[in-house]
Amino acid sequence: MKKKKNTIRPPYRKLRGYAFDPTTSLDLDTADINQIIYQVPWEDDLEPGPEGEYIKVIDRDPASNAIYEPVDLNDPVILASDGLTPSETNPKFHQQMLYAVIMYTIKNFEKALGRKVLWSPVEKFDKAGKRKIEFVEKMLVYPHAFRGQNAYYSPDRKALLFGYYNAEPVDGGLFLPGGIVYSCLSHDIIAHETTHALLDGMYSRYMEVTHPDVGGFHEGFADIVALLQHFTYPEIVRNQIRKAKGQLDAENLLAKLAVEFGQSTGLHHSLRDAIGKTNEDTGAWERSLPSTRDYENNLECHDRGALLVSAVFDAFIAIYKNRTADLVRLATNGTGVVPQGDIHPDLVNRLAEEAAKVASHVLNMCVRALDYCPPVDLNYGDYLRALITADRELVAYDDHNYRIAFINAFRKRGIFPEGVPNLSVDTLSYQPLDDQGDKAGFSSQLVGFLRQFKDRLSYKTDRAEIFEETQKFISGNSDKGITGFHKLLFQNRSNLHIKRFEEITGLVLSSRFRDFGINHSRTYGRNFPAIEIHSLRILNKSGPGGNMQNQIIMSLVQNCTVAAHENAKGEMEFSRYQYGRRNNQGEKLHFRGGCTLIFDLDDLRLRHAIRKPVFAVSSNGGRGALKFNKERLLMQYRCEYGDLLEKMGLAGLQRNTEPFAAIHEVQNNIL
Amino acid sequence: MSDNINSLQFRMYHTGSVGDCLLLLFRKKEVISFKMLIDCGGWNADKASINACAADILQVTGGEIDLLVVTHQHEDHVSGFNQARAVFDQLKVKEVWMSWVEDANDEIAKILKEKYGKKLKELRKATELALAQIRQQEKTKLNVKRYGQRLGMSKTIMTDTLNLISFEEGKMAASKLVTGKRTNDDAMKYVKSKSKKMQFRLPGEVITDRKGAEGLKFYILGPPRDADMRFFKDPENPEELYKLSATAEIPEAEPSTGNPILRSGINLEEDISPFEKRFHLNGAEKSDFLKLYNSADYRWRQIENDWLETAASIAMRATNLTNNTSLAMAIELGTSGKVLLLPADAQSGNWMGWHKPDVKRKLKAKGGKDTRELLENTVLYKVGHHGSHNGTASKSGLDLMNHKQLVAMMPLVQSKVPKEWGGANNFPAKALYEVLIGKTKGRVIRTDEGIINDPKAVSKRKEMSAVDRKAFEKAVKTGKNYLEFTLDFS
């Protein structure tokens, strides 16, 4: 008899795993909390590997010349026991651990972004040599890819590679001398690498270090996700609060825990310095005090990343403190001094729940902010503005002062967005464009396009289908009656029109594009500038007040090839790079401008245009001709060829085919 | 005092590439009384250039030198002894100095050399295997962007790595010799045989009694000799590097007590899996897997080379380690108290070792100056490791060199810096160069440029009094294949 297909699905798949990594289980203080159960979204068609909708685990180990058997998480025995028992010696558990943490991280992103995540696509070319963008359905995950103390995301191969290595006997460490350490068993490393891949799927240009912040952002953001995700498991915090006894001081409690997380992975050395450490003289644990010079001084890419983590972490602590102040008052009769001895278990539970809740909120805010970031050349000031704007648009009443906490944390470290008169929620958030700002009818010209896009994609949940349909809207498809976005942009060729569009997007749309070293469009011919459409997504976010936010987000990028040369006065000058010219034009730069456009889906109006203009904005207002955005160009020049290259610590970096491998590399002793 | 040395002629040869070949002629009044040669080599140097240097040395010294110092076993310091063997055969050497690392009877040196030799062999094997695999993979063309480019880049990196390994072995320049392949080892052996008076020097020693060198004190600073070798393993201490990230906290050094002499590295055997056999795919399952894995859909996403590519960074660190075996010394010049500092290619671990309490104590007891005092009185600094970012320590080194008359001599031919070292852009390291120019008031002399014409240096020199500037310019002489600086300290 054929088995009847069950229509009821379990909401989650429960999988056991390490909360930190295997070494934590060896420490008596933390052994009882190191095993947790990850709840990941149920996937119907999960194949052995595991291979699901988003990832495929391939356990090839070339150094051992071996392939390991894939785990089948739908095996009834495994299903009934919440997955395999955590074990270092069973490669199938390694596969399970990877699947659990990666899916948990993806779930957090999708929740915050209000849409399905897509990996960055691959560029291929057909037999005629024509370029085509192909959908990448599954990220490949290699648990035992190589032998070495490293793990990385490979943007070219759309793969996550995890290494393993022999532990060194370190005094006081928990590693067995000569024992093997697997990076694929560390929650932090997995979450960190997954975040790199997710971020690359949204903004592929964030790997181009055009500003010290861009280099720091990828690392810092990946650490933020790993760190905050830890705090979303209440059982971990609960244990720590229980142990803390009279010391309920949030700063010590959570920060110390954060540093302990980091220690086991070895990936967080600069993080340790950014958050705090034990004072050698007094033996007491102290938090590092931020200084308004931090932003200026921490240029090295790891320090730069840690700076961002410490700022976000600071905000997290401030919010937690604020939210638990009443509980502490209740528990201490208003004295703030907790009596000696164990804390009441109810209080422990409540505090732990608050910490988990705040962590989840802050993580949400951090991820959500990505939608309001420019597609190129992101700096921390932009990120802060994105964070505040994104939160303000979704959460009307900030009754717990989350936004103030963030602004303060960034301010204390000297991170000030450019062109903002003072630091307040009002001035930091981008003001929605009104009808005036949209005089030339940017929205009205696009309204048909947006409506068609909305109708076709609103209810699509299949990622491949979303990708393919979106491609049709980007490049146009006459069979389906879809006019491509690019063509649409140039339908009305009046000067006024083009000028207004330039003002909104920060991109060069007039025939002057050649002066900026911008190629002509490959699809629409010589008279039109090339514009890359990096993403076009529809999203539905829901706020805490039950309100819905429905938007279309689009990001546009333009590429200029620029020559940089020094003039007689020793100043840098920039001009269009001329291909084929023999004489020395100076250093070649790929300079990019871009903008993120946010449309309100309900009235199909342009709400925000977040730009990194190609040209100097001041030159755009008057009658004068457009000029290069020299400020941004100069910064990029300094990063690629000038003083900042060395200061960021990228000058002597080992050349590597994998951009993330060199950054993560741990300097092993060679003997 | 009339019978003391009172001037030094410091000659820095252009060996046709990046390398050290330094001739020091010490004079009493106008008469040369002590002749000293430090190293002779170049990265992939051409035979003619290096032979011209050797011939000049032979002629200037009249065929005899008092002291030959070979600082460490790297091609850019020893290739001359292979390439210009015939010339050096004619040179009489009264005494040879090397560091304790080259002493075949030293217990720590034995372990160091053995482990190191084994590592080099492993690296060569990994690199050659990677190159073979890449060549195989290149045969299949795929329609994926950057696939071919990435393979090409891999190939370049691995080829460079192989060159670095050859450099370590000393096979590079030697491969051009007609007389067969000679390695760095051969050069070292040859130098050791040049004089019956072969001395292996230990940090803390002070030598004051050499005939003809009356008034000179030779202080031996490094390499540090410790059972745990932690100073060798620290070629890139972040607090000593010239990267200028001013606020970075300094990690505490791990305590060394009780550690075994050598830590185990990655000693997993190739082809041996860490997992039990029952987890391995075999037979039909394995061939099914491979069929998929090798299909066009997956080929561009394979990970077959990654484990071998780590060899590249290990090879770079191997080079740093050999640099740390450099015999580093300082020479105090007569009663003037002025000091000449010769760190060879020492990297931060070596520099830091000079400040170890026992080393400082010994130096002070035997010679009268400890490490700090030597650095403070340095008036002539032979810049470490051709001006690299890690060849001059900051806190343990340049920070302490504050003498008003400081002059720096940098053996660097920028255009010849190999890409295997990170390329010419990083030599000299910009941050280091800036500090050097400031401390010397622009008095930096380079093999390829002479008195440097960096705009900052030029303007610094303009700030000097005309008399001082003239005196400095007069002291520098450019020969056909050398740069020379004369220091008068009577």
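Atoms considered below: every heavy atom in the structure, side chains included; atoms not considered: hydrogens, waters and symmetry mates. Computed from a predicted model, the values in this text were never measured in an experiment. Chain A is the first sequence line, chain B the second, and so forth, proteins listed ahead of strands; every chain is numbered from 1.
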Residues B:Arg301 and A:Met139: closest non-hydrogen pair is NH2-CA, 4.0 Å
Determine whether A:Pro62 and B:Leu308 make a side-chain contact, defined as any pair of heavy atoms from C-beta on separated by less than 4.5 Å. no
Heavy-atom count check: over 12 atoms from other residues, nucleotides or ligands less than 6.0 Å from A:Lys132 NZ? yes
Nearest heavy atoms of A:Phe125 and B:Leu142, plus distance in Å: CZ-O, 4.1 Å
If the condition is side chain to side chain donor-acceptor pair (under 3.5 Å), which residues does B:Glu304 pass it with, not counting sequence neighbours? A:Arg60, B:Tyr293
Report, as yes or no, whether the 6.0 Å neighbourhood of atom CD on B:Glu114 holds more than 12 heavy atoms from other residues, nucleotides or ligands. no
How close do A:His144 and B:Phe275 get, heavy atom to heavy atom, and via which atoms? NE2-CZ, 3.4 Å
Which atoms of B:Phe279 are under 4.5 Å from chain A, going by heavy atoms: the side chain, the backbone, both sets, or neither? both
Between B:Pro274 and A:Tyr182, the two heavy atoms sitting closest are CB-OH, 3.4 Å
Measure distances from A:Lys56 to the heavy atoms of chain B and classify the residue's part below 4.5 Å as side chain, backbone, both or neither. side chain
Is the number of heavy atoms from other residues, nucleotides or ligands under 6.0 Å of B:Lys110 NZ greater than 12? yes
So which atom in B:Trp307 and which in A:Arg147 form the shortest heavy-atom distance, rounded to 0.1 Å? CB-N, 4.0 Å
Would you give the length of the straight line joining atom CZ of B:Arg146 to atom CZ of A:Arg157, rounded to the nearest 0.5 angstrom? 10.5 Å
Residue pair A:Asp156 / B:Tyr147, side-chain heavy-atom distance below 4.5 Å: no
Sequence neighbours excluded, the answer for side chain to side chain donor-acceptor pair (under 3.5 Å) partners of B:Asn305 is B:Gln133, B:Gln137
Would you give the length of the straight line joining atom CD of A:Glu69 to atom NZ of B:Lys286, rounded to the nearest 0.5 angstrom? 14.0 Å
Leading residue by heavy atom contact count with chain B [cutoff under 4.5 Å; candidates A:Gly163, A:Ala159, A:Ala145]: A:Ala145
Go through the atoms of A:Val136 and report whether side chain, backbone, both or neither lie under 4.5 Å from a heavy atom of chain B. side chain
From A:Lys130 atom NZ to B:Asn143 atom CG, the distance as rounded to the nearest 0.5 Å: 14.5 Å
Nearest 0.5 Å, what's the CG-CD distance between A:Asp643 and B:Glu434? 9.0 Å
If you look at every heavy atom in A:Ile67 and B:Phe289, which pair is closest and at what distance? CD1-CD2, 3.6 Å
Part of B:Glu276 within contact of chain A (heavy atom distance under 4.5 Å): neither
Taking side chain as everything from C-beta outward and backbone as N, CA, C, O, which of these in A:Leu140 sits under 4.5 Å from a heavy atom of chain B? Side chain, backbone, both or neither. both
Is it the case that the side chains of A:Tyr142 and B:Asp306 hold a donor-acceptor pair, with the cut-off being a distance below 3.5 Å and no angle test? no
